[in-house]
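Reviewing the structure listed below.
Keep in mind it's a predicted model, so treat the numbers as computed, not measured.
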Amino acid sequence: MPQLAHNVYFTLYDNSPASVLHLVEACRKYLTGHPGTLYFAAGPCNQDLRRSVNDLDYDVALIVIFASMADHDAYQSAPRHQDFILENKHNWKTVRVFDADVG
């Protein structure tokens, strides 16, 4: 059974260092420790990597690997995930999600 890689890239209206840090910390507070999570990471865009293939059009990246699609689906409706959205969506200019079967 493949694992599911859930990659989310947030572009913020207020992308000051304090706002970027706030979103990274909110990711850690609300999006860690969900059942079926195999890997979690969140952090700011690395603006030093400027090769022609680098997409720098985001402020914060979130990467979560789930053991299964069912774990991903449960995470989407989990109260802590919903709290994360409610607390932070006011500052999201764009949210791009890339989900992939991996393993």
Partners meeting salt bridge (charged side-chain N to carboxylate O under 4.0 Å, His left out) with D55 (sequence neighbours left out): R96
Nearest heavy-atom neighbours spanning A42 and V24: O-CG1, 3.8 Å
Side chain to side chain contact (heavy atoms under 4.5 Å, CB included) partners for Q76, two or more places apart: H6, H72, H81
L62 CG to N7 CG distance, which is reported to the nearest 0.5 Å: 8.0 Å
Joint hydrophobic cluster, V97 plus F84, side-chain heavy atoms closer than 4.5 Å: yes
Distance in Å, D14 CG paired with K93 NZ, rounded so as to fall on 0.5 Å steps: 12.0 Å
L23 side chain near D59 side chain, heavy-atom distance below 4.5 Å: no
Salt bridge (Lys or Arg N to Asp or Glu O under 4.0 Å) contacts touching residues 18-44 (sequence neighbours left out): none
Spacing of T94 atom OG1 and L12 atom CG [to the nearest 0.5 Å]: 8.5 Å
side-chain contact (heavy atoms from CB on, under 4.5 Å) evaluation trace for T37 with T32: CA-CA 8 Å; T37 299; T32 56; over 6 Å; no
Qualifying residues under side chain to side chain contact (heavy atoms under 4.5 Å, CB included), relative to D101, sequence neighbours excluded: P2, L4
I63 side, atom CD1; L31 side, atom CG - distance, nearest 0.5 Å: 13.0 Å
Heavy-atom closest pair, residues L38 and A67: CD1-CA, 3.7 Å
Pairwise ring-ring contact (aromatic ring centres under 6.0 Å, His included) hits with a residue in residues 14-54, at least two apart: H34-Y75
Worked verdict on I85 versus W92 for side-chain contact (heavy atoms from CB on, under 4.5 Å): CA-CA 10 Å; I85 293 169; W92 297 344; 4.1 Å; yes
Non-neighbouring partners of S77 that pass side chain to side chain donor-acceptor pair (under 3.5 Å), sequence neighbours left out: none
Set of side chain to side chain contact (heavy atoms under 4.5 Å, CB included) partners for P35, sequence neighbours left out: none
Cluster check V95, V64: I/L/V/M/F/W/Y, side chain < 4.5 angstrom: yes
Contact list for residues 62-80, test salt bridge (Lys or Arg N to Asp or Glu O under 4.0 Å), sequence neighbours left out: none
Residues that D83 engages under side chain to side chain donor-acceptor pair (under 3.5 Å), provided they are two or more places apart: none
Nearest non-hydrogen partners of Q3 and I65, listed with the distance: OE1-CG2, 3.8 Å
Side-chain hydrophobic cluster, 4.5 Å single linkage: members besides Y58: Y9, F98
Side chain to side chain contact (heavy atoms under 4.5 Å, CB included) partners of L49, counting only residues at least two apart: N46, N54
